[in-house]
Amino acid sequence: MIPLSSATESPTFADVLLAAERIKPWAHRTPVLRSRTVDAEIGAQLFFKCENFQRMGAFKFRGAMNALSQFNETQRKHGVITYSSGNHAQGTALAAQLLGIPAVIVMPLDAPAAKVAATRGYGAEVVTYDRYTEDREEIGARLAAERQMTLIPPYDHPHVMAGQGTATLELLQETGPLDALFVCLGGGGLLSGAALAARALSPACKVYGVEPEAGNDGQQSLRSGEIVSIATPKTIADGAQTQHLGHYTFDVIRRNVDDIHTVSDAELIACMRFFAERMKMVVEPTGCLGIAAARKFKDQLKGKRVGVIISGGNVDLGKLAGFLAG
Ligand SMILES: *Cc1c(COP(=O)(O)O)cnc(C)c1O
């Protein structure tokens, strides 16, 4: 069991509202964009919450800032430690830098170079490991104990989940009630926070998580009623290469999410191309999960008002060029 900084119960919508107040001075209120082309293609009204324009390029800053801003004096002094394949690393490093808290980040050896450089750029110490043979949770827990640092995991933490929920809170404040919401799914921090906000502000809204086909552990978990663990999936959606949902995230997802869909890497690439060509936006592969599913299930969305969370835009430009050319 991962030692938590303080909270020991699944978050509620009240925690999302408190998180919004806490992070307000620091986080961007990202735009909600529309596209006539997508609306025409899908036959629905789509609202894109663009977290690719969030600070450090993804929603992860929200959860990290909400968690770190609740540290007590001793925790602030010893610092924060976390493990991440990229965006949570940058989110934590930036939040720590802004709050003057030391940060150690455990990252896979094959993490995108741009993400490693950005994390170091925010002043964090980076420790690397092999994601196919070593256990990052074990490494994180050991270092945390040795250095008395507080471990803030990438998704399975009530403060992180509440922070991530603020993206959907802002979306719904702007759009009013929606019929459906599509949310990228890795370990479930974003989806669980989104579901809390949607259940409170738009109770009839169908909430869908979207995973890469190669890693449908969340879909298996929701359908079987217990957390299913898989081998690290091989997919271009590097933000969703998680092996299992968390204890807290599954608890919230199980009770508040309608279904979990999957999409292929080819479908993600088509969406990256669409965002670049039509909306002039760089969206990372994982950030395309939501729209890819909305396109795939468009027959069920005719005439509806549909929210899509674009979760991030951090993609190595060399890789992006390869995807777009391929
Ligand atoms: C982390 C991340 C996800 C998945 O979020 P979880 O909270 O782990 O489900 C999706 N997209 C991007 C861009 C991410 O960085």
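We're numbering straight along the sequence, starting at 1. All ligand and atom numbering here is 1-based and tracks the order in the structure.
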| Taking only residues two or more places apart in sequence or in another chain, which ones pass ring pair (Phe, Tyr, Trp, His ring centres under 6.0 Å) with F48? | F275

| Short N-O contact, D39 and K298, less than 4.0 angstrom | no

| Side-chain (R22) to main-chain (S69) donor-acceptor, under 3.5 angstrom | no

Taking only distance into account, with no hydrogens and no angle test, what donor-acceptor pairs under 3.5 Å do side-chain atoms of residues 56-63 form with protein atoms, sequence neighbours excluded?
from: R62; atom 1: NE; to: E51; atom 2: OE1; distance (Å): 2.8
from: R62; atom 1: NE; to: E51; atom 2: OE2; distance (Å): 3.4
from: R62; atom 1: NH1; to: T166; atom 2: OG1; distance (Å): 2.9
from: R62; atom 1: NH1; to: E170; atom 2: OE2; distance (Å): 3.0
from: R62; atom 1: NH2; to: E51; atom 2: OE2; distance (Å): 2.7
from: R62; atom 1: NH2; to: E170; atom 2: OE1; distance (Å): 3.0

| So, do H157 and Y248 have ring centers that fall under 6.0 Å from each other? | no

Please give the N or O to N or O pairs under 3.5 Å between ligand 1 and the protein, distances rounded to 0.1 Å.
from: ligand 1; atom 1: 7 (O); to: G189; atom 2: N; distance (Å): 2.9
from: ligand 1; atom 1: 7 (O); to: L190; atom 2: N; distance (Å): 2.9
from: ligand 1; atom 1: 8 (O); to: G187; atom 2: N; distance (Å): 2.9
from: ligand 1; atom 1: 9 (O); to: G186; atom 2: N; distance (Å): 2.8
from: ligand 1; atom 1: 9 (O); to: G187; atom 2: N; distance (Å): 3.1
from: ligand 1; atom 1: 9 (O); to: G188; atom 2: N; distance (Å): 2.7
from: ligand 1; atom 1: 11 (N); to: S311; atom 2: OG; distance (Å): 2.6
from: ligand 1; atom 1: 15 (O); to: K60; atom 2: NZ; distance (Å): 2.8
from: ligand 1; atom 1: 15 (O); to: N87; atom 2: ND2; distance (Å): 2.8

| remark: Contacts of E174 meeting salt bridge (charged side-chain N to carboxylate O under 4.0 Å, His left out) (sequence neighbours excluded), chain-then-number -> none

